[in-house]
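As a basis for the values below, the full set of heavy atoms in this structure was taken, side chains included, without hydrogen atoms, waters or symmetry mates.
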Amino acid sequence: MIPMFFVLGLVLVSAALAVTSKNIIYSVVALLSTNVTLGMAYYMMGAPMVSLFQLAIFAGAVVVFFVITVMLTSGGDMEYDIDPSPLMNKKTQLAISAIAVQIMISASLGLNLDFPYREYASSAIESLSISFGSYDDITTAVSQFLWQVRGMDLIIQSFVILTAVVCTIAMLKMRREDE
Amino acid sequence: MYPLEMFIVTTAMLFLFGLVALIMKRDLVRLLIGIEILFNAANLLFVALSTQTPGMIDPFPQSIVMMALVLDGTVIAVGLALALNVFKHYKTFDIKKLRKLKW
């Protein structure tokens, strides 16, 4: 349990750095750290496929997109020109810190949460559950589930991704033609 | 099986960070970073709730989160392309200066 606490703490610290850093390059690096540590957390929780996707897409592709955007627009220099928002005063920071501390204290006092997952799950999903064995079994079960039960979703999702790719290329091409 | 409380606390804090970024920041790229943190919070809670049965793994939430991850990546990619176009036209990422987009 201690390694999971450590990993989740790293997730929180790097997410806080991603939000509060002045330089946007540091924000992107902290976001990369958030995504990598979240991938580690998923792996430790017994979700290796989710961990793989998190590392490949969020820690890989999306961070590269952010870096390219910052490089093309010199956004790191521009950040200092922006005045702080009027919402960002001491009272707001104090209120947010108080809420965060309250959440932490109530959690440490013991919420004794019990999520009766099996009571709400349908019998079909329950029959598809597998016992926690090796990660190979989990990967195989998730892949089979995806193609057997959520096949239509996958096909529709591929069309959504195709549309997004076409839109992105069209926007970037328009940008190049204007130049 | 890990206790659910620490995941709920982590998710709440991540959600708070993302919300703070969306409320306080005026940079378009930082807003997208906040949106990504919100995505991460939702995905983490989804996976954490699915692992609360001792000794069992449910593939349903994992497959849903995998699809959500791919779609989140496309959302961020389209958002960054939009941000690039906005920068080309207005030479800024500051959303306060993009008032021409209003009706």
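How far CG of Asp27(B) is from CD1 of Ile24(A): 4.5 Å, rounded to the nearest 0.5 Å. Note that OH of Tyr42(A) and CG of Leu69(B) are 6.0 Å apart. Values are rounded to the nearest 0.5 Å. Note: Phe58(A) CZ to Glu36(B) CD = 4.5 Å, rounded to the nearest 0.5 Å.
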List the atom pairs, with distances to 0.1 Å, where a side-chain N or O of residues 70-79 of chain B and a protein N or O form a donor-acceptor pair under 3.5 Å, not counting sequence neighbours.
from: Thr74(B); atom 1: OG1; to: Leu71(B); atom 2: O; distance (Å): 2.5

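Top candidate by heavy-atom pairs under 4.5 Å with chain A, chosen from Asn43(B), Val65(B), Leu19(B), is Asn43(B). Looking only at heavy-atom pairs under 4.5 Å with chain A, the residue among Leu14(B), Val29(B), Leu44(B), Ile37(B) that has the most is Leu44(B). Chain A forms more heavy-atom pairs under 4.5 Å with one residue of Ile33(B), Leu82(B), Thr51(B) than with any other, namely Ile33(B). Comparing Ala48(B), Ala83(B), Ser63(B), Pro3(B) by heavy-atom pairs within less than 4.5 Å of chain A, the highest count is held by Ser63(B).
Between the side chain of Gln157(A) and the backbone N or O of Met67(B), at least one donor-acceptor pair lies under 3.5 Å.
Of the two parts of Thr10(B), the backbone and the side chain both hold a non-hydrogen atom closer than 4.5 Å to a non-hydrogen atom of chain A. Ile64(B) touches chain A through its side chain: at least one heavy atom from C-beta onward sits under 4.5 Å away, while N, CA, C and O do not. Contact of Leu28(B) with chain A is not made at all, since no heavy-atom distance falls under 4.5 Å. Using a 4.5 Å cut-off between heavy atoms, Ala61(A) makes no contact with chain B at all.
Using a 30° and 60° split on the angle between ring planes, Phe145(A) and Phe60(B) fall in the perpendicular class, above 60°.
In the displayed structure, Phe65(A) atom CZ is contacted under 6.0 Å by at most 12 heavy atoms of other residues, nucleotides or ligands.
Applying the side chain to side chain donor-acceptor pair (under 3.5 Å) definition to pairs two or more places apart or across chains, those involving residues 45-60 of chain A are Asn35(A)-Gln54(A), Gln54(A)-Asn40(B).
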